[in-house]
Amino acid sequence: MARLRQGKRLLPARFFLRDTAETARELLGRRLVRTLPDGSSVAVIVVETEAYLGVGDRAAHTWNGRRTPRVLPMWGPGGHAYVYRIYGLHHCLNVVTKRAGEPEAVLVRAAVPEDEWLDRSAAGSLRFSGPGKLCAGLAITTALSGASLRGPELRLEAGPDRPFDVLVGPRVGVDYAGEAAAWPLRFGVAGCRAVTARKALSGSRPGS
DNA sequence: CCAGAGATATGCT
DNA sequence: GCATATCTCTGGC
């Protein structure tokens, strides 16, 4: 069953070494599998991402070369997780991109359960809409910061072969008056409630 | 529907 | 002390 095998294929290491915004776009529709210590697992499909472009990006935690203990995973090679706690309350999952020494990452903003994605009604429950809710739903904490995205606890796979349209827009949050904030750094799946129920993304493009 | 408060980690000034 | 890559609840229109 080539088709089935294709869907469960782990994303290769080189997937994470490309341009970060491109990786953010390419992460849409991919399967994220979280396996818990008790052996159970949850599979979700990524529907919203946001790119953070490293030392020159004021919104990035590594802006201006910051290299604190919290962000060390971002300085490592792509293909690993960077998880941080925000507002003392929520956790946010990032996919580290590029090579070691180029501290860029993609924030995973929303996902939907795989079965709902395959139903094509793809509205999806709002269970995983928002980076904090996603981490809460998948039991992702800072304990996973630095973990491989090709490991036993967290896996990124090619995902189901299902076409969708892509929405692009500026990053959420403060406008840093820098160029990066105005660029298309946010990517979402058109028609997905987990995306559209939040903030409007503008601009539609044909996806794959 | 929209605005504001509150939870309180992390890092900067 | 202050800001932030968040979310939920509350109260007002």
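All chains are named by letter (A, B, ...) in the order of the sequence lines, taking the proteins before the strands, and each is independently numbered beginning at 1. Just so you know, these numbers come straight off a predicted model, no measurement behind them.
Contact annotation: Arg171(A) does not reach the phosphate of dA5(C) (side-chain N/O to OP1 or OP2, under 4.0 Å). At the phosphate of dT6(C), neither OP1 nor OP2 sits under 4.0 Å from any side-chain N or O atom of Arg85(A).
Stacking of the aromatic ring of Tyr84(A) onto the base of dA5(C) is not found under the criterion of centres within 5.5 Å and planes under 30°.
To the nearest angstrom, C1' of dA3(C) lies 16 Å from CG of Leu89(A). Note: NZ (Lys133(A)) to C1' (dA5(C)) measures 17 Å, nearest angstrom. Note: NE2 (His61(A)) to C1' (dA3(C)) measures 11 Å, nearest angstrom. Whole-Å rounding puts the Asn64(A) CG to dA3(C) P distance at 19 Å. If you take CZ of Arg70(A) and C1' of dT4(C), they are 9 Å apart, rounded to a whole angstrom. At whole-Å resolution of the value, CZ in Arg127(A) and P in dT8(C) are 14 Å apart. As a whole-Å value, the separation of Ile140(A) CD1 from dT6(C) C1' is 15 Å. Between Leu126(A) atom CG and dC7(C) atom C1' the separation is 13 Å, expressed in whole Å.
The distance between the ring centers of Trp117(A) and Phe164(A) falls below 6.0 angstrom. Aromatic rings of His61(A) and Tyr52(A) (six-membered ring for Trp) have centroids beyond the 6.0 Å cut-off, not under it.
With respect to Asp19(A) and Arg25(A), no salt bridge is recorded, no charged nitrogen being found less than 4.0 Å from a carboxylate O. Ion pair Glu114(A)/Arg31(A) flagged as a salt bridge, since at least one NZ, NE, NH1 or NH2 atom sits closer than 4.0 Å to an Asp/Glu carboxylate oxygen. Here Glu50(A) pairs with Arg109(A) in a salt bridge; the nearest charged N to carboxylate O distance falls below 4.0 Å.
Using the Watson-Crick or G-U wobble rule with both distances under 3.5 Å, dA5(C) pairs with nothing in any strand shown. Partner assigned to dT8(B) is none, using Watson-Crick or G-U wobble distances below 3.5 angstrom.
Closest contact between the side chain of Pro69(A) and the listed nucleotides dA5(C), dT8(C), dG11(B) involves dG11(B). Side-chain proximity of Met74(A) to dC7(C), dA5(C), dG11(B): nearest is dA5(C). The nucleotide whose nearest atom lies closest to any side-chain atom of Tyr52(A) is, among dC7(C), dA5(C), dT4(C), dA5(C). Taking every side-chain heavy atom of Arg66(A) into account, dC12(B) is the closest of dC7(C), dA5(C), dC12(B). Comparing dT6(C), dT8(C), dC12(B) against the side chain of Tyr87(A) picks out dT6(C) as the nearest.
Note on Gly132(A): only backbone sugar-phosphate atoms sit closer than 4.0 angstrom, heavy atoms only; bases stay farther off. Within 4.0 Å of Ile86(A), counting heavy atoms only, lie sugar-phosphate atoms of the nucleic acid but no base atom.
When the P atom is compared between dC2(B) and dA5(C), the two are found 22 Å apart, to the nearest whole Å. Here, dT8(C) and dT10(B) have their C1' atoms 22 Å apart, quoted to the whole Å.
The environment of Arg18(A) atom CZ is dense: over 12 non-hydrogen atoms of other residues, nucleotides or ligands sit within 6.0 angstrom.
Nearer the 5' end of DNA chain B, as judged by each residue's closest nucleotide, is the contact made by His90(A), out of His90(A) and Thr142(A).
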